[in-house]
2 protein chains.
Amino acid sequence: MEFQEAKDKFISTWGALGTTWGINKAMAQIHALLFISPDPLSMEDIMEDLGISRGNTSMNLRNLIEWGIVHKVNLQGERKEYFSSEKDVTELARQVAKERSRREIEPSIKVLNEVSKIKSDGTAKTEEFIKKTKELYDLADTANSMLLKMVNQEHNWVTKTVIKLFK
Amino acid sequence: MEFQEAKDKFISTWGALGTTWGINKAMAQIHALLFISPDPLSMEDIMEDLGISRGNTSMNLRNLIEWGIVHKVNLQGERKEYFSSEKDVTELARQVAKERSRREIEPSIKVLNEVSKIKSDGTAKTEEFIKKTKELYDLADTANSMLLKMVNQEHNWVTKTVIKLFK
DNA sequence: ATAAACTTTCATATATTATTGAAAGTTCGA
DNA sequence: TCGAACTTTCAATAATATATGAAAGTTTAT
């Protein structure tokens, strides 16, 4: 396989994988491109390489920067901004997990907690409802705090401890 | 809060959460409804309660059954089929993880492995590409086998061991 | 073998989400 | 302060994913 073919394949696979994890295609592809590039790239470079519009590139770069995955580089003597992603890929995973916890999981946990507090009228349906939603609340809350602990650990801690446990 | 309000809130929250995890809204809501119902429900019951069409109900019930989360119940003397979900919710989580691994993660890992095998022509870009994709392959492969091990354990093993580690 | 009771399928409609690109905004050097 | 070089915004559009419902299919009792 040629480099160019491998590169295209990698970028499109990464993009497809991203969309199933709450990262849109363009965002994942920009990340993929920067991730394998030895040098920083300009917005122009990225647009051209991926064949996406200026607006799309701009918005998704901003997101990646907000997520701490990509950062701006100013090359000396150049007006243009360049971008690079020298961060470890686990940083991306960490960030994705954090975002999803904050945006989706935590609000849901709050609702579970709320609804599990209705008082029973003694009927089977309310009893069952309270029992099940409580169960779910406990599970979700535990899983979420696990996730956050993992996410906030040093990279190597997770790798060493958890891998040892499973491999 | 009244039971009906809590129920609606729970179902819509569960539906919203599902859509961000690769389960469509109707599928997640059907699961939610069955999950809190003390008795099996018919297709008619489900359609009516959630206000969704017959076709939608049928297709999503079939999916839930395929995933092993919901199953058919034949009540004595009744022609109609009934459905229930008496399984633990961790079974759902397990199933979701399994499906995603099979359908998304594993094919991606295969691609990573392929593309990381191109031979270097000595340029910085091919060197970087090979290095990064190999790194990614190792990470993804390790993470995936961890996931599968967790998923295939008994429910209590995960709960006990992992929670102990983090709590 | 027939028909009533029920379920599934799938072409079409609807809703959701991502992308474009031109206009507005910003920054910087002269 | 001006204007060239560049970036961001956002309304319009395109692409994608979901839902509908009528028709086709299946099962069962007689």
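To find a chain, count down the sequence lines: A is the first, B the second, and so on, and within it residues start at 1. Small disclaimer: the values here were computed from a predicted structure and weren't measured.
Distance, M47(A) CE to dA5(D) P: 16 Å, rounded to whole Å. In this structure, the NZ atom of K80(A) is 16 Å from the C1' atom of dT27(C), given to the nearest Å. Rounded to an integer number of Å, the gap from NZ of K72(B) to P of dT26(D) is 13 Å. Spacing between atom CZ of R62(B) and atom P of dT7(C) amounts to 14 Å, rounded to whole angstrom units. One atom, CG of N60(A), and another, P of dT7(D), lie 15 Å apart when rounded to the nearest Å. Distance, N24(A) CG to dA17(D) C1': 15 Å, rounded to whole Å. For the pair I46(A) CD1 and dC6(D) P, the computed distance is 15 Å after rounding to whole Å. Here the P atom of nucleotide dC6(D) and the CG atom of N74(A) are 12 Å apart, to the nearest Å.
Within 4.0 Å of N56(A), counting heavy atoms only, lies at least one base atom of the nucleic acid. In this structure, E44(B) reaches neither bases nor backbone, as no heavy-atom distance under 4.0 Å exists between it and the strands shown.
Contact annotation: R54(A) does not reach the phosphate of dA22(C) (side-chain N/O to OP1 or OP2, under 4.0 Å).
The pair D141(A)-K110(A) fails the salt-bridge criterion, with no side-chain N (NZ, NE, NH1 or NH2) lying under 4.0 Å from an Asp/Glu carboxylate O. Ion pairing of E135(A) with K132(A) is absent here, as no side-chain N (NZ or NE/NH1/NH2) approaches a carboxylate O to less than 4.0 Å. Salt bridge E104(A)/R100(A): present, at least one basic N to carboxylate O contact under 4.0 Å.
A continuous path of Ile, Leu, Val, Met, Phe, Trp and Tyr side chains, each step under 4.5 Å between heavy atoms, connects L147(A) with W67(A), placing both in one hydrophobic cluster.
Between S58(A) and K25(A), the residue whose closest nucleotide on DNA chain D is further toward the 5' end is S58(A). DNA chain D is contacted by both G51(B) and G55(A); G55(A) maps to the nucleotide lying nearer its 5′ end (nearest heavy atom per residue).
In this structure, CD on E128(B) lies 7.5 Å from OG on S37(A), to the nearest 0.5 angstrom.
Considering only the side chain of M59(B), dC10(C) comes nearest among dC10(D), dA19(D), dC10(C).
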